[in-house]
Amino acid sequence: MEKFDLNKVLEFYKPDQEAVAKVLFPHNNFPQAALRRVLTGPTTIDADQIAALAEFLGVLVGDLYAIDTDWKGAFEHGHLTFKKGEYKAILNYKGSFLSVYKGKGLIETELTATTMTIESFINHINNIIKANNND
């Protein structure tokens, strides 16, 4: 089984660490200190805490173990967001407007008036990225 890497999860999803500490250590008088101990290595979190973190982030538990492998869905600032490595795709306005970013730079925007499966949508995002890399 793959080792759980909380540092990588926090780096990828960028949640408020004070809120994460409270989610992971709700009964601890010093949740931020407890979180620091986990992040620096002397202690770990258990399966219930990982499940609570996944719920807090709005993702599946499996997504927390496989940060670098494929597109991950999340809900950010009221928008459905997909992330993979340095790329991010955001669906705004009830899924009708797509913005694709590489790092902090916008590489594509489009009106998405068609309906498609998640698989087709992921392929569409990948094609946008491929086209941008060929420019």
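Just so you know, these numbers use all the heavy atoms, side chains as well, and skip hydrogens, waters and symmetry mates. Counting begins at 1 with the first residue of the sequence.
- Atom-to-atom distance recorded for Tyr87:OH and Ile125:CD1 is 12.5 Å, nearest 0.5 angstrom.
- Across every non-hydrogen atom of Trp71 and Ile122, the tightest pair is CD1-CG2, 3.4 Å.
- If you chain together hydrophobic residues whose side chains sit under 4.5 Å apart, Leu35 and Phe30 never meet in one group.
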Review point. Which is it for Phe4 and Val9 under the side-chain contact (heavy atoms from CB on, under 4.5 Å) test, yes or no, and what are the steps along the way?
Key: CA-CA 9 Å; Phe4 183 75; Val9 169; 4.0 Å; yes

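- The structure places CG of Asn127 at 12.5 Å from CG of Asn132, a figure rounded to the nearest 0.5 Å.
- Taking the side chain as every heavy atom from C-beta outward, Thr44 and Val38 never approach each other to under 4.5 Å.
- Classification of the Phe121-Phe82 ring pair by plane angle, with boundaries at 30° and 60°, yields tilted.
- The ring-ring contact (aromatic ring centres under 6.0 Å, His included) test applied to Tyr13 returns no partner, not counting sequence neighbours.
- To the nearest 0.5 Å, atoms CD1 (Ile129) and NE2 (His124) are separated by 10.5 Å.
- Within the structure, salt bridge (charged side-chain N to carboxylate O under 4.0 Å, His left out) pairs that include any residue of residues 17-38 comprise Glu18-Lys22 (at least two apart or interchain).
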In a table with atom names and distances, give each donor-acceptor pair under 3.5 Å that connects a side chain of residues 49-60 to protein atoms at least two apart or in another chain.
unit_1	atom_1	unit_2	atom_2	d
Gln49	OE1	Asp46	N	2.8
Gln49	NE2	Leu24	O	2.8

Exercise for review: Evaluate the criterion side-chain contact (heavy atoms from CB on, under 4.5 Å) for residue pair Thr81 and Lys88; output intermediate values, then yes/no.
Suggested key: CA-CA 7 Å; Thr81 303; Lys88 181 192 293 190; 3.5 Å; yes

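- Take Thr40 and apply the side chain to side chain contact (heavy atoms under 4.5 Å, CB included) test, not counting sequence neighbours, and it matches Pro42.
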Point to revise | Steps toward side-chain contact (heavy atoms from CB on, under 4.5 Å) verdict (Phe25, Ile45) | key: CA-CA 9 Å; Phe25 305 100; Ile45 59 176; 4.1 Å; yes

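- For Glu108, the side chain to side chain contact (heavy atoms under 4.5 Å, CB included) test picks out Val100, Glu110, Ile128, with sequence neighbours left out.
- Taken to the nearest 0.5 Å, the CG atom of Asp5 stands 9.0 Å off from the CD atom of Glu11.
- With sequence neighbours left out, Ser99 forms a side chain to side chain contact (heavy atoms under 4.5 Å, CB included) with Asn92, Phe97, Tyr101, Leu106, Thr109.
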